[in-house]
Colleague: 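Starting off with a structure, shown below.
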Amino acid sequence: MTEPKRYLVTAALPYANGPLHIGHLAGAYLSADAYVRWLRLMGKDVVFVCGSDEHGAAITIRAKKEGIAPREIIDKYDKIFRETFKKIGVSFDIFHRTSSELHHETSQEFFRDLLKKGEFTVQESEQYYDEEANQFLADRYIIGTCPNCENPEAYGDQCENCGNSLSPTELKNPRSTLSGNSPILKKTSHWYLALDKHEAWLKEWIDKGEVNGEQLHDASRWKNHVLGQCRSWLEGGLQPRSMTRDLEWGVDVPQELEGSDGKKLYVWLDAPIGYISATKQWAKDAGKDWEPYWKDKDTQLVHFIGKDNIVFHCIIFPAILKAHGDYILPKNVPANQFMNLEGRKISTSKNWAVWVHEYVQEFEGKEDELRYNMFKNMPESRDSEFTWKNYQETNNNELVNNLANFINRVVVLTNKYYGGEIPKFDENIDFTASRSDSETSFHETELLDLHDRLLEVVTALSEYDFRTGLNELMSISSSGNQLLQFNEPWAKQKTEPERVKAVMNAAIQIVGALSVVCRPFLPFTSDKMREMLNLPAIKDNGELATLLENLAEGKPVIEAGHQIGKPVHLFTRIADDVIEQQIEKLMSSAPVDASTNYEPVKETTTFDDFMKMDLRTGVILEAEKMKKADKLLVLKVDLGFETRTVVSGIAKFFKPEEIIGKRVTVLANLAPRKLRGVESQGMILMAEDADGKLGFVSPDEGFGGGFVVK
RNA sequence: GGCGAGGUAGCUCAGCUGGUUAGAGCGCAGCAUUCAUAAUGCUGAGGUCGAGUGUUCAAGUCACUCUCUCGCUACCA
């Protein structure tokens, strides 16, 4: 495979329904950013696109709940995204929005095109429609009389009395749960992408990186978990997938199409196309042509995403791109796994997270410190963990003690001995080399060694191995510390000043190289170093490539005679109390937020309705786990007058042997229902806290089974 | 239950198509050192590679069984 002419790098579009946390950074954005910054330093033609994902049901539902327009929500988070990304140094060439006109046009155009190419099948059906609520009704929103058992409260998908599954049109006297009115049947059609048609080539593409015998990428370079998940999907057989929805908020299905009324594009069709519309907008702003970036075979397309997005980026979107015909396929999709926080999963709803917009505020000027820790613990091939303690350790022990300290030593000594002027030296003087500890080494081999070590960082980055790249970076700094330690300029300055000049010159070359190669990971530090060294700011335009060429030819990074600036502390220690404060904040904010998350009180009911329920005390006699079900326990409950079999979804929280003899509250007159083939004759009442944890509602000691609860 | 990904030194993780005494960073111990933000360098201790069985001249690396963690999925009236 030849060297690509240009690169297009995408990072997952963040969903505009909440701010960014460190999991987002570790999942996609920082690796993408390092990759792009590296490409720029190598002088490559690269475009880095992203944007807010602003459609979909979750935003609609939330807007309704809060009584505001979806627009308010997406504007709020789009703004936060932009500020946060900028502050943490994620260097998009464009951050676009899927609510933009250009995006709507682009997705519709795409849709039309796929339609024209016969990629869609239209499946028409009659669906209930609530004229008052002005929308089609999902099955669960319809209640009616069951055709089998005459239960008047059967749902559109299932009757809970007889357990039969139903379709809404089978119900007698259907009514809408939204308005109570009887809905009307209305024809509706949806467009299905014939994914099954693409199964064969997708298989070949995933397995071998080939399409029609043409080698497009090296499949062995894709991550295991990415390949595994794709194969799992392909094994299951691909089904046609609906690409339209009955929704109010989203990209309209092209209006000229029959039946497009009230229909929107499925967000998962619209979102990846967001990469394309973003590229278009970028091209427009930059006066470039967007098409080669998406359509030229010499372009390398890379999607950076979290593991939750794998199938969409590796199966569905490629199918769409291929179906369209003109578009290239991604060269790699280096999806990361998840990052946990202090031993628990990051959770937005439980407020168990480190919010990036808060971090950049509270730790202003310490953006690279977070970036460093993220790269260090990047969940490249399995879930990883962020802890504040570890953040402190990596900062103090690695950034301060190793990197910043090395640079500081060199700058301080150079200022002290030479007034800040990089010394000229005699090429024939030997000094101890950093890595080999041998006396035969001299200046030139030190430069070549530096060249090789930079190359190792470069190689790691090209293989999406950011963790290794970071380690290589730090080992360059370590070798600088060795160089000083072995040669002891502070001791030799008086006795062998000429030799010290050679050593210090070599040391400053390492610092100069670090100022360039640290940039993909630590962009702010890179800038600070350039300033301290009194070197021109990096324009992200091939500086690293030039540096490598020079070193290969034995040319120094910085010429002797150059005047550097005064020492500045690049990183400073983070004290224990700062870390303790953060941990405290995390611990205290989590439960507080959970408690504000109470379920709203339901609509007022009547005493009569309440009295319809027959609640009884009960005692669990037997309990066993339901086979082939993770959550279900089959219980025998003593109700005094009889023993009931009750199936309950509590297996995650209770072991069968532990709950025998437990007093419980039972809804005794609930219609029986079959669950996994076992008839459940009642329901055990459970309390559920904000974390979803369950607890029994138990009568006091002394109550046996069968007594009335009222 | 089905499928996928993992379980490697105290911690965070590398170990590609099976091949000499299993690696890195951090932490820890000892020694050296002071130019530097009590920083640095050297040396060292630490692992029956989740458990078991098998294939092989040879297995962390392949196969099977089991077990634990995470994700998707089904089942929580």
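Chain naming here is simple, since letters A, B, ... match the order of the sequence lines and numbering starts at 1 in each.
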Colleague: Give the nucleotide from the list B:C75, B:G6, B:G71 with an atom nearest to the side chain of A:Phe338.
Modeller: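 For the A:Phe338 side chain, the nearest candidate turns out to be B:G71.
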Colleague: From the set B:C35, B:G7, B:C75, return the single nucleotide nearest to any side-chain atom of A:Arg382.
Modeller: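 Among B:C35, B:G7, B:C75, the one nearest the side chain of A:Arg382 is B:G7.
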Colleague: When you measure from the side chain of A:Arg673, which nucleotide among B:C76, B:U37, B:C13 comes out closest?
Modeller: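 Nearest to the side-chain atoms of A:Arg673, counting from C-beta on, is B:C76.
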Colleague: Rounded to whole angstrom, note down the P distance from B:A29 over to B:C3.
Modeller: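 Comparing P positions in B:A29 and B:C3 gives a spacing of 48 Å.
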Colleague: Under 4.0 Å, counting only non-hydrogen atoms across every strand here, what does A:Arg231 touch: a base, just sugar-phosphate, or nothing?
Modeller: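 Nothing: the residue A:Arg231, judged by heavy atoms under 4.0 Å, touches no strand.
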Colleague: Going by heavy atoms in the side chains, are A:Thr432 and A:Arg499 under 4.5 Å from each other?
Modeller: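 Touching, per the 4.5 Å side-chain cut-off.
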Colleague: Taking O4'-C1'-N9-C4 for purines and O4'-C1'-N1-C2 for pyrimidines, is B:G71 syn (within 90° of 0) or anti?
Modeller: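 The base of B:G71 is oriented anti (glycosidic angle more than 90° from 0).
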Colleague: Separation of A:Glu380 atom CD from B:A24 atom P, in whole Å?
Modeller: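 Answer to the nearest Å: 19 Å.
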Colleague: Report the residue from A:Leu450, A:Leu461, A:Val458, A:Leu454 that forms a side chain to side chain contact (heavy atoms under 4.5 Å, CB included) with A:Val517.
Modeller: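 That would be A:Leu454.
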Colleague: Can you tell me how far C1' in B:U40 sits from the matching atom in B:C35, rounded to whole Å?
Modeller: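 Here B:U40 and B:C35 have their C1' atoms 10 Å from each other.
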Colleague: Kindly give the heavy-atom pair with the smallest separation between A:Ala12 and A:Ile305, and that separation in Å.
Modeller: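 So the minimum-distance heavy-atom pair works out to CB-CG2, 4.0 Å.
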Colleague: Grab the CG-C1' distance between A:Asn401 and B:G27 for me, whole Å please.
Modeller: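 So the two atoms are 13 Å apart, to the nearest Å.
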Colleague: Of A:Arg573 and A:His225, whose closest RNA chain B nucleotide lies nearer the 5' terminus?
Modeller: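 So the residue in question is A:His225.
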Colleague: Is the distance from the ring center of A:Phe654 to that of A:Phe696 below 6.0 Å?
Modeller: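 When the ring centroids of A:Phe654 and A:Phe696 are compared, they turn out to be within the sub-6.0 Å range.
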Colleague: Give the rounded distance in Å between these two atoms: CD1 of A:Ile310 and P of B:C72.
Modeller: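 Atom CD1 in A:Ile310 sits about 11 Å away from atom P in B:C72.
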Colleague: Closest approach to the side chain of A:Leu675, judged atom by atom: which nucleotide of B:U40, B:C26, B:C75 is it?
Modeller: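 Closest of the options to the side chain of A:Leu675: B:C75.
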Colleague: To the nearest Å, give me how far apart CH2 (A:Trp233) and P (B:A5) are.
Modeller: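 About 16 Å, once rounded to whole Å.
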Colleague: C1' atom, B:U37 versus B:G15: distance in rounded Å?
Modeller: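 The same atom, C1', in both gives a distance of 36 Å.
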Colleague: For a quick test of reading the model: is some side-chain N or O of A:Asn224 closer than 4.0 Å to OP1 or OP2 of B:G6?
Modeller: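 For A:Asn224, the contact criterion (side-chain N or O under 4.0 Å from OP1 or OP2 of B:G6) is met.
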Colleague: Looking across every strand, which nucleic acid part, if any, lies under 4.0 Å from A:Lys376 by heavy atom: base, sugar-phosphate, or nothing?
Modeller: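 It contacts sugar-phosphate atoms only.
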Colleague: Given the C1' atoms of B:C62 and B:U69, what is the spacing between them in whole Å?
Modeller: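 These two C1' atoms come out 24 Å apart once rounded.
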Colleague: Using purine N1 to pyrimidine N3 plus N6-O4 or O6-N4 for Watson-Crick, or N1-O2 and O6-N3 for G-U wobble, each under 3.5 Å, what pairs with B:U37?
Modeller: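 Looking at the geometry, B:U37 pairs with no nucleotide.
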Colleague: Is A:Asn390 reaching over with its side chain to a backbone N or O of A:Phe386, donor-acceptor style, under 3.5 angstrom?
Modeller: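 Not a single qualifying donor-acceptor pair exists.
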Colleague: Identify whether any heavy atom of A:Val412 sits under 4.0 Å from a base atom; if not, whether one sits that close to sugar-phosphate; answer base, sugar-phosphate or nothing.
Modeller: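 If one applies the 4.0 Å heavy-atom cut-off, A:Val412 turns out to touch the sugar-phosphate alone, with no base involved.
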Colleague: What contact category does A:Val311 fall into here, base, sugar-phosphate, or nothing, at under 4.0 angstrom with non-hydrogen atoms?
Modeller: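 No contact at all - A:Val311 keeps every heavy atom at 4.0 Å or more from the nucleic acid.
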Colleague: Would you check if the side chain of A:Asn669 reaches a backbone N or O of A:Asp614 as a donor-acceptor pair within less than 3.5 Å?
Modeller: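 Yes, A:Asn669 side chain to A:Asp614 backbone: donor-acceptor pair under 3.5 Å.
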Colleague: Tell me whether the side-chain N/O atoms of A:Lys307 come closer than 4.0 Å to OP1 or OP2 in B:G4.
Modeller: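 For B:G4, OP1/OP2 do not have a side-chain N/O of A:Lys307 under 4.0 Å.
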Colleague: If the P atom of B:G47 is compared with that of B:C66, how far apart are they to the nearest Å?
Modeller: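 Here B:G47 and B:C66 have their P atoms 31 Å from each other.
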Colleague: Heavy atoms from C-beta onward define the side chain here; which of B:C75, B:A32, B:U12 lies closest to that of A:Ala629?
Modeller: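 So the nucleotide nearest the side chain must be B:C75.
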Colleague: Nearest to the side chain of A:Lys631, heavy atoms from C-beta on, is which of B:A5, B:C76, B:U40?
Modeller: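 That would be B:C76.
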Colleague: Nearest-Å distance, CZ (A:Phe486) to P (B:U33)?
Modeller: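 After rounding, the reported distance stands at 15 Å.
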Colleague: Measure the distance from CG on A:Asn336 to P on B:G6 and round it to the nearest whole Å.
Modeller: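 The answer, rounded to whole Å, is 14 Å.
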Colleague: So, under a plain 3.5 Å distance rule, would you say the side chain of A:Arg344 forms a donor-acceptor pair with the base of B:U69?
Modeller: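 Answer no: no donor N or O sits under 3.5 Å from an acceptor.
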Colleague: Is it the case that more than 12 heavy atoms not belonging to A:Glu658 sit under 6.0 Å from its CD atom?
Modeller: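 Yes, the 6.0 Å shell around CD holds more than 12 heavy atoms from other groups.
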Colleague: When you get a sec, tell me which of B:A14, B:G41, B:G71 is the closest nucleotide to the side chain of A:Gln482?
Modeller: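 From the listed options, B:G41 comes nearest.
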Colleague: So what does A:Gln337 hit on the nucleic acid, given a heavy-atom distance under 4.0 Å: a base, only sugar-phosphate, or nothing?
Modeller: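 Sugar-phosphate contact only.
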Colleague: Counting side-chain heavy atoms from CB outward, which of B:C70, B:C13, B:C35 is closest to A:Leu413?
Modeller: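 Of the candidates, B:C35 comes closest.
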Colleague: What is the nucleic acid contact for A:Ser384, judged by heavy atoms within less than 4.0 Å: base, sugar-phosphate only, or nothing?
Modeller: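 Sugar-phosphate, backbone atoms only, no base.
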Colleague: Which nucleotide in the list B:G6, B:A36, B:U37 gets nearest to the side chain of A:Ala404?
Modeller: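 Between B:G6, B:A36, B:U37, the one nearest the side chain of A:Ala404 would be B:U37.
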Colleague: For A:Glu398, answer base if it contacts any base atom (sugar-phosphate contacts may also be present), sugar-phosphate if it contacts only those atoms, and nothing otherwise; contact means non-hydrogen atoms under 4.0 Å.
Modeller: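 Sugar-phosphate contact only.
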Colleague: Main chain of A:Trp388, side chain of A:Glu342: is a donor-acceptor contact present, judged purely on distance under 3.5 Å?
Modeller: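 Side chain of A:Glu342 to backbone of A:Trp388, a donor-acceptor pair under 3.5 Å: yes, one is there.
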Colleague: Would you say A:Asn397 places a side-chain N or O within less than 4.0 Å of OP1 or OP2 belonging to B:G27?
Modeller: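 Yes, because at least one side-chain N or O of A:Asn397 sits under 4.0 Å from OP1 or OP2 of B:G27.
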Colleague: What does A:Thr394 touch in the nucleic acid at a heavy-atom separation under 4.0 angstrom: a base, only the sugar-phosphate, or nothing?
Modeller: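 Result for A:Thr394 = nothing.
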Colleague: Base, sugar-phosphate, or nothing for A:Phe406, non-hydrogen atoms under 4.0 angstrom?
Modeller: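 No contact.
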Colleague: How far, in whole Å, is B:U33 from B:U48 if one measures between their C1' atoms?
Modeller: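 Those two atoms are separated by 40 Å.
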Colleague: Would you please indicate if the ring centroids of A:Tyr464 and A:Tyr35 are separated by under 6.0 Å?
Modeller: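 Yes - the distance between ring centres of A:Tyr464 and A:Tyr35 falls below the 6.0 Å cut-off.
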Colleague: What is the base-pairing partner of B:A45, counting Watson-Crick and G-U wobble geometry with both distances under 3.5 Å?
Modeller: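 Across all strands, not a single nucleotide pairs with B:A45.
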Colleague: Roughly how many Å is it from CG in A:Asp630 to P in B:C70, rounded to a whole number?
Modeller: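 After rounding, the gap between these two atoms is 12 Å.
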Colleague: Tell me the interatomic distance from A:Leu570, atom CG, to B:A36, atom C1', rounded to whole angstroms.
Modeller: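 After rounding, the gap between these two atoms is 13 Å.
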Colleague: Between B:U65 and B:U61, how many Å separate the two P atoms, rounded to a whole number?
Modeller: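 Result for the P pair: 16 Å, nearest Å.
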Colleague: Just to be sure I understand the rule, does A:Ser381 reach a base, reach only the sugar-phosphate, or reach nothing, if contact means heavy atoms closer than 4.0 Å?
Modeller: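 Here A:Ser381 touches the backbone only, sparing every base.
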Colleague: My understanding is that a pair needs two contacts under 3.5 Å, Watson-Crick or G-U wobble. By that rule, which nucleotide pairs with B:C3?
Modeller: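 B:C3 is paired with B:G71.
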Colleague: Should B:U53 form a Watson-Crick or G-U wobble pair with both distances under 3.5 Å, which nucleotide is its partner?
Modeller: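 Across any shown strand, B:U53 pairs with B:A63.
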Colleague: Check this for me: does the side-chain of A:Asn471 come within 3.5 Å of the base of B:A24 through a donor and an acceptor?
Modeller: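 Absent.
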Colleague: For the P atoms, the ones on B:G10 and on B:A51, what distance do you get once it is rounded to whole angstrom?
Modeller: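 The answer is 14 Å between these two P atoms.
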Colleague: Is there a side-chain contact between A:Glu369 and A:Phe363 (heavy atoms, below 4.5 Å)?
Modeller: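 Contact flag for A:Glu369/A:Phe363 side chains = no.
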Colleague: Nearest nucleotide by nearest heavy atom, which residue falls closer to the 5' end of RNA chain B, A:Asn340 or A:Thr468?
Modeller: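 Final value for this comparison: A:Thr468.
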Colleague: In the structure shown, which nucleotide is the Watson-Crick or G-U wobble counterpart of B:A24, with both distances under 3.5 Å?
Modeller: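 Paired with B:A24, as far as the under-3.5 Å criterion goes, is B:U12.
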Colleague: By nearest atom, which of the nucleotides B:A77, B:C76, B:C13 is closest to the A:Leu632 side chain?
Modeller: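 Taking heavy atoms from C-beta onward, the closest nucleotide is B:C76.
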